[in-house]
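Accompanying notes for the structure given below.
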Amino acid sequence: MDLLEIRNLHAEVGGNEILKGIDLTVHPGEVHSIMGPNGSGKSTLAQVLARRESYQVTAGEILFDGKDLLSMKPEEAACEGMFMAFQYPIEIPGIGNAHFLRSALNAMRKYRGLDELDAIDFLPLFREKLKLLDMDERFMNRSLNEGFSGGEKKRNEILQMAILEPKLAILDETDSGLDIDALRIVAQGVNAMRSPNRAMIVVTHYQRLLNYIIPDFVHVLVDGRIVRSGGAELALELEEKGYGWIETEARQTAPASA
Amino acid sequence: MAVELIQLESYLEGFTEFAKETAAETPSWLRELRETAFVRFCAVGFPTSRDEDWRFTNVAPFTRTQFAPARSSSQEISVSDLDMWRMEDAAARLVFVNGNFAPKLSTWNALPEGITATGLRKQIALHPQSVAKHLGRYLNIERDPFCALNTAFAEDGAYVHVRRGVVAQRPIHLLFIATTAETPTMTHPRNLIVVEEEGQVSITEDYVSLGKETPTLSNAATELIVRGNATVEHILIEREHFKTYNLSTLRIEQARSANVASHSFLLGGALVRNNVHPVLAGEGGECLISGLFIGSARQHLDNYMLVEHASPHCASRQFYNGILDDRAHGVFHGRIVVHKDAQKTDAKQTNRNLLLNDNAQIDTKPQLEIYADDVRCTHGATIGQIEESALFYLRSRGIDELQARNLLLQAFAGECVDRIKPGAAHSYAEAAVTQRLALLARPMSVETANPGEDQERSWREIG
């Protein structure tokens, strides 16, 4: 069965239409990359999938693991296995990282009818995943993202993913602003999470990340539509030629009325 | 404004009866103190909103009510009634019923040698001089009619004395229970805490109610005298029932290099006014005044700070966080006075507020009066809502909206709780705050919270 099926998705933010008819199918085990120039709607697509309420869907439908995603609240989507690594993770002073992660994991376990984990049961899991991302144990007790460097924030997002083990992970520009060492660690963490049961959507502006996370499919988003899809080689072509040619091409073939 | 005749009559009647009842046990110095205070109270009466210090707090709702002095009824209370207010690992728990010390309900588990913790009336009877030399010397009955009223009816409360160099490893818990009667009652607990040179202690004043909700006036005053190089942590928890009018004043006198941390938690009451008034009288003193107020329904929570820098090289810090829901009204009035000789003063004041409802209101008023020329004073206030982006972040990890809101409120409140040193008092205050927040958290539509701000944020994230 398809893990994610997006049909003719239109979405707007504050009255401006950003997504203008997206179709995308993702099967378990696949890694899809969504690339595109600034303002093409990449992040909007990610936010819609994570069910952010200020992004309004005006047409189309999304099936997530056979269920109607658009009727779910953000927390329900998360409990069903949706995960978005934020482009700009939020700093929340006063909420400890470990406490937050345990609350999240327990919310999901409760949703699935499993027993909640106490702090002692949770600790070994947390330590194991910290190691995977080469993160210091002091991350456990620090406030959520507060005072973290850009790289630490992104690693913390992947740490959350590793603990919550989603069915579908959306990485929204997880590579942006990272130096090469941080990028390698993040990519390594992501690759360790690849499995036949899990799919990923890697949203990125630059091709660089895709040297480390090799996608099965690459889609190019321009002005709210997927204008081209291909394999990993498409990303290399974009890296070489930039987005200009594809934007020009898209403009020529776009329906005049849209 | 003078007291209206009917009020005066009621208080005069109460005072006369009180004077007659306590005549036998009252030394002359105490009688004089009370009489002077009562005369002062009658002369000035209750404050009105024309009074700058009371601009945002209207006491009219309760000045018209006739309160009778509450009768002690500790016999009717058993220790098990007090289980919910047990601080684990406290050195002692002193219980006061309607302001009167109840030794039978109190426990002294681990009070170190050199610390006296007892009732004020008992201390006056046994060692009058130890009380006479401090009581009423610091509390300003001229400035505040409620302090005058408290002094007029001063009879019992807590007396804590820490001998020179004695360090209390565990906190002292003072539990003030207001029991309610069929008719409105009032209590005036009066506390005296003296910490001698290089002593160290943590004291929690905890105001609670027992019984059904009838109007109650709870008017407490504490004089805290901190000698040279002594360290004191003082915590006040106000969580009486929602028909209580609670006024309290903490007057702190700090000697050279004394270090005081005052933590206030205003969680209950209908109308609450909490005054914290430290005087940094000796050089090199340090004072932290931290506070958290959480209001809902029509609660009115007024925080009034007067920080007096009277000596050089002193530092004061005020941090107050407010959370207001429904039609609750909060007031932050932080006044810093730097006297002429108090050079190198370092004073800071911050007030942060979360309004959870469009009808909630906060009045925040910083006030600096500086008569010295080499000082550093800063102040700031913010007012905001729960951030949609933070809420979404938590929800996107599977945490439902109610719990997410509660986590964010706990984090905001936690800033104040975490200024208390780790230990029994910290855990105790934290539990009280968590309990209060649980009454507050409930789902709210994000769209209505602040559409303008949401939109702005969304635009930034596009693409």
Side-chain angles (χ1 to χ4, degrees), chain A residues 13-16 18 36-44 46-47 50-55 73-96 99-101 103-111 143-146 160 163-164 166 172-173 205 221, chain B residues 292 319 321 323 350 352 354 382 384 386-419 422 430 433-434 437 441 443-463:
Chain A
V13 182
N16 290 44
I18 308 292
N38 287 330
S40 59
K42 302 187 299 286
S43 275
T44 299
Q47 301 272 344
R51 298 299 301 122
R52 189 158 199 168
E53 284 157 345
S54 46
Y55 290 70
K73 293 177 183 171
E75 56 267 35
E76 287 166 345
C79 289
E80 289 287 344
M82 178 71 73
F83 179 91
M84 178 179 73
F86 281 56
Q87 183 182 358
Y88 302 113
I90 311 295
E91 294 193 15
I92 307 183
I95 299 185
H99 177 61
F100 159 68
L101 269 168
S103 301
L105 183 62
N106 279 336
M108 293 188 185
R109 290 179 66 94
K110 206 169 145 193
Y111 186 87
S143 278
L144 182 50
N145 293 324
E146 192 194 22
Q160 292 171 24
I163 286 173
L164 300 177
D172 189 5
E173 301 214 19
H205 185 82
L221 198 60
Chain B
L292 173 69
F319 300 108
N321 283 12
I323 300 174
T350 309
R352 299 177 60 210
L354 271 185
T382 61
I386 286 187
E387 271 193 61
E388 187 270 344
S389 58
L391 201 56
F392 175 66
Y393 190 66
L394 298 178
R395 293 177 74 190
S396 79
R397 299 303 183 244
I399 297 167
D400 69 47
E401 191 179 353
L402 193 70
Q403 198 193 346
R405 281 171 60 82
N406 207 355
L407 276 173
L408 292 171
L409 293 178
Q410 276 197 30
F412 184 74
E415 284 181 11
C416 297
V417 175
D418 289 342
R419 287 192 197 102
E430 188 173 42
V433 169
T434 302
L437 285 176
M444 184 181 67
S445 163
V446 170
E447 272 85 2
T448 59
N450 192 344
E453 206 179 66
D454 286 355
Q455 222 170 61
E456 200 183 6
R457 207 172 285 127
S458 311
W459 279 111
R460 231 189 299 136
E461 284 163 16
I462 292 169

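None of these values were measured; they are calculated from a predicted model. Reckoned from all heavy atoms, side chains included, excluding hydrogens, waters and symmetry mates. Every chain is numbered from 1, with letters handed out A, B, ... down the list of sequences.
Going from atom CZ of A/R51 over to atom CZ of B/R395 covers 9.5 Å, rounded to the nearest 0.5 Å. Rounding to the nearest 0.5 angstrom, the gap separating the CE atom in A/M82 from the CZ atom in B/R397 is 12.0 Å.
Of the two parts of A/P89, the backbone and the side chain both hold a non-hydrogen atom closer than 4.5 Å to a non-hydrogen atom of chain B. At a 4.5 Å heavy-atom cutoff, B/Q410 makes no contact with chain A through either its backbone or its side chain. For A/A77, no part lies near chain B; criterion is any non-hydrogen pair under 4.5 Å. Heavy atoms closer than 4.5 Å to chain B are found in both the backbone and the side chain of A/F100. With a threshold of 4.5 angstrom between heavy atoms, A/L105 does not approach chain B through any atom at all. Neither the backbone nor the side chain of A/H205 comes within contact range of chain B; no heavy atom of the residue lies under 4.5 Å from a heavy atom of that chain.
The shortest non-hydrogen separation linking B/S389 to A/R52 is CA-NH2, 3.5 Å. Residues B/G398 and A/C79 approach most closely at O-SG, 3.8 Å, considering heavy atoms.
The side-chain heavy atoms of B/F392 and A/S54, taken from C-beta on, include no pair separated by under 4.5 Å. Looking at A/Q47 and B/S396, their side chains never come closer than 4.5 Å, going by heavy atoms from C-beta outward. Side-chain contact between A/K73 and B/D400 is absent, with no heavy atoms from C-beta onward closer than 4.5 Å.
A donor-acceptor distance shorter than 3.5 angstrom exists from the side chain of A/E75 to the backbone of B/E401, with no hydrogens or angles considered.
In terms of heavy-atom pairs under 4.5 Å with chain B, the best-connected choice from A/L144, A/N106, A/I95 is A/I95.
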Requested in this report: Using the side-chain contact (heavy atoms from CB on, under 4.5 Å) rule, take B/L394 and A/I92 through it: C-alpha gap first, then chi angles, then the decisive distance, then the call.
Outcome: CA-CA 10 Å; B/L394 298 178; A/I92 307 183; 4.0 Å; yes
